[in-house]
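To start, the structure itself, in structure tokens.
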Amino acid sequence: TTLFRSEDGKPEQLIEVVQTNEGDIHHVLAISGQPLTAEQEAAENSRIQTAISDTDRRAQSAKQREEDAQNERRLLAMLPDAFCYENMGTQDGVVTLKFSPNDQFHSSQREERVFHHMEGVLKIDLADKRMVEMSGRLTSEVKYGGGFFGRLDPGGTFVVQQKDIGDGHWDLVGLDIHMNGKALLFKDINVKQHETRSQFEAVPENLTLRQGFDLLERDATTYAKTSPVQRPQSLKTANR
């Protein structure tokens, strides 16, 4: 998978990602549209080698991925109850639903409180019953701990897109987040994150991290001989 990533205050990166049976492994191919220098390439290879050999770090990363996946499933399971929906029509097997906060939904955890301040559009593939896109914005300020522990300002926007990349396997293909606020009294929150994923290719089953590294190293060598990457267009965000 080819991943293009840009985050506020950081240079844009083009990244190659390989999924193995021991976890994901990635290699930065370009920074700010330019292939890595010899020094940057050496540092990137050293980082990957360390990641492969450090079993404790790998175990910690695997645990974090599982916790993130469980949290994601928990939040997705709440969508039917967290919002009220209006059917906006169906096209090419995809139904578009406009959503707004459900006043009857009561949340107990911090992550869930944002549902009370969010409206937007949800698109569902009717055949596969999978989310194609969710986009929206914050309609009011989100406060944590009465504002003492932090807040998110109104007007923040997000877009999440996924699709069937082959053989019924759905994966994230686009992410665009623009949020502002404050955390712990005076620390500013300024989240501007954009990701696009493309060029999905099947890899052999039971691929090890070492074999994944060999694939990444081969692709990095090939990329170094090509022209600089072109910046993809931003995703369209609801109500922006």
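Values reported hereafter were calculated over all heavy atoms of this structure, with side chains retained and with hydrogens, waters and symmetry mates removed.
For Glu72, the CD atom counts as loosely surrounded, since its 6.0 Å shell holds 12 or fewer non-hydrogen atoms of other residues, nucleotides or ligands. Surrounding CD of Glu141 are more than 12 heavy atoms belonging to other residues, nucleotides or ligands, all under 6.0 Å away.
The backbone N or O of Asp56 sits less than 3.5 Å from a side-chain atom of Asp54, completing a donor-acceptor pair. Of the possible polar contacts, none joining the Gln34 side chain to the Ile31 backbone as a donor-acceptor pair under 3.5 Å is found. Under the 3.5 Å distance criterion, the side-chain polar atoms of Asn102 are matched with a main-chain donor or acceptor of Asp81. Under a 3.5 Å cut-off, the side chain of Gln162 and the backbone N or O of Met131 do form a donor-acceptor pair. In this structure, the side chain of Thr20 engages the main chain of Gly23 through a donor-acceptor pair within 3.5 Å. Looking at Asp128, its side chain never comes within 3.5 Å of a backbone N or O of Arg130 through a donor-acceptor pair. Listed for the Ser61 side chain is a donor-acceptor partner under 3.5 Å among the backbone atoms of Arg57.
Ile48 and Leu29 end up in different hydrophobic clusters when Ile, Leu, Val, Met, Phe, Trp and Tyr side chains are linked at under 4.5 Å. Residues Leu76 and Val132 are members of separate hydrophobic clusters, defined by side-chain heavy-atom contacts under 4.5 angstrom among Ile, Leu, Val, Met, Phe, Trp and Tyr. Linking Ile, Leu, Val, Met, Phe, Trp and Tyr residues whenever their side-chain heavy atoms come within less than 4.5 Å places Ile177 and Leu79 in a single cluster. Criterion: ILVMFWY side-chain heavy atoms under 4.5 Å apart, direct or through other members. Under it, Val203 and Leu3 are not part of a common hydrophobic cluster. Hydrophobic cluster membership is shared by Phe99 and Val160, with clusters built from Ile, Leu, Val, Met, Phe, Trp and Tyr side chains linked at under 4.5 angstrom.
Looking at Phe200 and Thr2, their side chains never come closer than 4.5 Å, going by heavy atoms from C-beta outward. Side-chain contact between Leu138 and Met179 is present, with heavy atoms from C-beta onward closer than 4.5 Å. You'll find the side chain of Ile52 reaches within 4.5 Å of the side chain of Arg210, heavy atoms only. Taking the side chain as every heavy atom from C-beta outward, Leu122 and Ile124 approach each other to under 4.5 Å.
Closest of all the heavy-atom pairs between Ala82 and Phe115 is CB-CD1, 3.6 Å. Between Phe213 and Asn45, the closest heavy-atom pair is CE1-OD1, 3.8 Å. Among all heavy-atom pairs drawn from Lys123 and Val94, the shortest one is CB-CG1, 3.8 Å. When all heavy atoms of Asn87 and Leu97 are compared, the closest pair comes out as CA-CD2, 3.8 Å. Shown here for His26 and Arg47, the closest heavy-atom pair between the two residues is O-NH2, 2.9 Å. Counting all heavy atoms, side chain and backbone alike, Leu209 lies closest to Ile25 at O-CD1, 3.9 Å.
Within the structure, the salt bridge (charged side-chain N to carboxylate O under 4.0 Å, His left out) test picks out the following pairs touching residues 15-42 (sequence neighbours left out): Glu22-Arg58.
Checked by atom type, the side-chain pair Asn71/Glu67 shows no donor-acceptor distance below 3.5 Å. At a cut-off of 3.5 Å, with distance as the only test, no side-chain donor of Arg65 or Gln60 sits close to an acceptor on the other residue.
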Does the pair Phe4 and Glu12 meet the rule for a side chain to side chain contact (heavy atoms under 4.5 Å, CB included), with working shown? CA-CA 8 Å; Phe4 176 87; Glu12 297 173 343; 3.8 Å; yes
With side chain to side chain contact (heavy atoms under 4.5 Å, CB included) as the criterion, how do Leu207 and Leu215 come out once you've worked through the C-alpha distance, each side chain's angles and the decisive distance to 0.1 Å? CA-CA 10 Å; Leu207 194 71; Leu215 288 177; 3.9 Å; yes
So Asn180 and Lys192, side chain to side chain contact (heavy atoms under 4.5 Å, CB included) or not? Walk me through it. CA-CA 9 Å; Asn180 293 284; Lys192 292 182 175 63; 3.9 Å; yes
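Here the OG atom belonging to Ser100 is positioned 12.0 Å from the CE atom belonging to Met118, to the nearest 0.5 angstrom. Here Met88 contributes atom CE and Thr96 contributes atom OG1; the two are 8.0 Å apart, rounded to the nearest 0.5 Å. Atom-to-atom distance recorded for Cys84:SG and Asp103:CG is 7.0 Å, nearest 0.5 angstrom. How far CD of Glu133 is from CD of Gln161: 4.5 Å, rounded to the nearest 0.5 Å. One finds the CG atom of Asp164 at 10.0 Å from the CG atom of Asp171 (value rounded to the nearest 0.5 Å). Here the straight-line distance linking atom CD of Glu44 with atom CG of Leu36 works out to 6.5 Å at 0.5 Å rounding.
Under the ring pair (Phe, Tyr, Trp, His ring centres under 6.0 Å) criterion, Phe105 pairs with His116, sequence neighbours left out. Under the side-chain hydrogen bond (donor to acceptor under 3.5 Å, both in side chains) criterion, Ser140 pairs with His117, not counting sequence neighbours.
A salt bridge between Glu66 and Lys63 is absent, with no side-chain N of the basic residue lying under 4.0 Å from a carboxylate O of the acidic one. With respect to Glu119 and Arg137, a salt bridge is recorded, a charged nitrogen being found less than 4.0 Å from a carboxylate O.
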